[in-house]
2 protein chains.
Amino acid sequence: MTIVAPHVNSVNMSTRRQILDEARELFLESGLAGFSMRGVAERVGVTATALYRHFDGKDALLASLLGEAFATFGSYLGRALAGQTPLERFRLTGKGYVDFALDHPRDYALMFLTDCEDLGYERISEELAQRSRGTFEFVVDRAKECLDAGVFAPRDPREIGLHAWAVLHGLVSLWLLGQLRQSMDRTGFDRQVELAIDLIELSLTRKDSPRRK
Amino acid sequence: MTIVAPHVNSVNMSTRRQILDEARELFLESGLAGFSMRGVAERVGVTATALYRHFDGKDALLASLLGEAFATFGSYLGRALAGQTPLERFRLTGKGYVDFALDHPRDYALMFLTDCEDLGYERISEELAQRSRGTFEFVVDRAKECLDAGVFAPRDPREIGLHAWAVLHGLVSLWLLGQLRQSMDRTGFDRQVELAIDLIELSLTRKDSPRRK
DNA sequence: GTCTATACCCCGATAGAC
DNA sequence: GTCTATCGGGGTATAGAC
């Protein structure tokens with residue numbers, strides 16, 4: 001536990017901030033594998049042990065980066081609210097999801113491609129878990145909108161949200177992990193994303209009344 | 001640079017085999033994070049450096065484990081050929097995929113959840129890349145069967161295969177990485193897998209002639 | 001050929017001095 | 001708050017014993 005002094009001077013504040021900034025930069029450059037306390041310390045200009053006065057350890061530092069990543073992620077999804085119809089907002093949410101993953105691949109990897117136990121943020125701050133749930137709820141809400149409008153055939157909105165999440169996460173992670181590198185280029189991938197969103201919609205829209213779009 | 005060992009005598013074979021077995025066991029117990037040359041060596045009863053007489057390094061050792069994993073994976077997919085109709089074989093392929101992932105989570109993680117660059121099997125043996133392509137071709141063939149039978153609406157079979165792969169990979173990887181642990185149990189996950197396969201089928205089957213099943 | 005011993009450089013983390 | 005010193009754990013290259 002860190003006890004904060006009653007008068008937080010600007011020097012302490014900026015040190016923490018500086019560590020965070022250098023940590024982020026190192027992480028973006030080198031990924032999780034190349035991310036080390038010693039590396040961060042060198043950039044900041046202090047010894048590695050000094051970092052432990054500001055963060056509880058490597059995991060805590062990564063958790064802070066993760067928090068920033070989730071904030072950015074939320075803003076990407078939020079753009080979908082500009083859509084004019086429930087279905088368009090649902091589709092734009094998917095777009096935003098993929099855009100975030102491609103714009104911030106390191107962050108995405110930290111958020112969704114790292115084993116929660118592997119480098120132990122199993123008991124990561126409750127604030128993060130909540131933020132994670134929150135973003136999922138956003139997707140579920142988009143699904144509910146479509147259900148209420150009668151665009152989607154009746155189904156559990158959480159099942160819909162999870163399915164859509166799985167489809168796009170699967171595609172994005174295959175791409176980011178290099179599994180598709182030898183069989184398609186970026187253009188081909190973008191087309192596959194389009195197709196995936198189309199197929200999700202196709203499987204969810206009701207067939208009896210063609211009031212879509 | 002690389003020492004190729006095409007023909008090895010039986011004495012080497014058994015040592016090599018023993019290393020491989022202990023490596024596999026350690027990997028299954030501890031995962032990639034806990035997998036170390038020193039750990040393997042201790043189990044085998046030799047020093048760590050001795051392993052380098054049999055394998056080019058940690059990556060080469062992991063590549064061998066990966067090869068065995070792909071063999072097992074192939075047998076899981078192959079079961080789908082017992083299906084009576086093209087659509088059933090297509091669906092059974094998906095089942096086999098998920099079954100493999102759940103029965104052999106460590107292997108699955110090594111195959112599909114590890115960055116190809118992270119721990120450098122970027123230029124992994126061509127044999128492995130071919131095996132990987134081969135399993136994908138199996139899925140594509142199942143899609144072709146359905147297309148030829150008129151069960152699926154006309155579409156590029158490779159796009160279908162990739163989509164189905166992405167859906168199940170996404171679902172499985174969210175599960176294996178613990179992303180769903182707090183929101184559903186194993187039963188719920190199994191139901192979601194069923195749903196995912198249903199939705200894939202729904203989005204691919206032709207709507208004009210109901211000659212499915 | 002196969003192994004051991006040693007060594008070098010990486011890492012996370014702690015204890016205690018200033 | 002930051003330092004030095006240090007521990008335990010890694011991958012792997014080299015030298016040399018058998």
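Chain naming here is simple, since letters A, B, ... match the order of the sequence lines and numbering starts at 1 in each. All heavy atoms count here, side chains included; hydrogens, waters and symmetry mates do not.
Regarding contacts with the backbone of dT2(D), every side-chain N or O of T47(A) stays at 4.0 angstrom or more from both OP1 and OP2. Between H54(B) and the phosphate of dC3(C), there is a side-chain N or O to OP1/OP2 separation shorter than 4.0 Å.
Applying the side chain to side chain donor-acceptor pair (under 3.5 Å) definition to pairs two or more places apart or across chains, those involving residues 81-90 of chain A are R89(A)-E145(A). For residues 27-50 of chain B, there are no ring-ring contact (aromatic ring centres under 6.0 Å, His included) pairs, not counting sequence neighbours.
Following rounding to the nearest Å, L26(A) (CG) and dC11(C) (C1') show an atom-to-atom distance of 13 Å. The distance from atom CG of L61(A) to atom C1' of dC11(C) is 15 Å, rounded to the nearest whole Å. Computed from coordinates, the Q18(A) CD to dG1(D) C1' distance equals 14 Å when rounded to whole Å. L32(A) places its CG atom 19 Å from the P atom of dC10(C), with the value rounded to the nearest Å. We find that CG of L51(A) is positioned 12 Å from P of dC11(C), with the value rounded to whole Å.
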Show me the side-chain donor-acceptor pairs of residues 74-81 of chain B shorter than 3.5 Å, one per line, residues at least two apart or across chains.
unit_1, atom_1, unit_2, atom_2, d
S75(B), OG, T72(B), O, 2.7
Y76(B), OH, D103(B), OD2, 2.8
Y76(B), OH, H104(B), NE2, 3.1

Sequence neighbours excluded and cut-off under 3.5 Å, please list the side-chain donor-acceptor pairs for residues 166-180 of chain A, or say none.
unit_1, atom_1, unit_2, atom_2, d
H169(A), ND1, Y108(A), OH, 2.7
H169(A), NE2, S173(B), OG, 3.0
S173(A), OG, H169(A), O, 3.0
S173(A), OG, G170(A), O, 3.2
S173(A), OG, H169(B), NE2, 3.0
Q179(A), NE2, M111(B), O, 3.3

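Residues that satisfy the ring pair (Phe, Tyr, Trp, His ring centres under 6.0 Å) test with F55(B), not counting sequence neighbours, are absent from this structure.
Here D21(A) does not pair with R43(A) in a salt bridge; the nearest charged N to carboxylate O distance is not below 4.0 Å.
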Next item on the list: Using a 4.0 Å heavy-atom cut-off, write out nucleotides 12-18 of chain C from 5' to 3' as B (base contacted by protein), S (sugar-phosphate only) or - (no contact).
Entry: BBB----

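Contacts of A50(B) with the nucleic acid, taken as non-hydrogen atoms under 4.0 Å apart, include base atoms.
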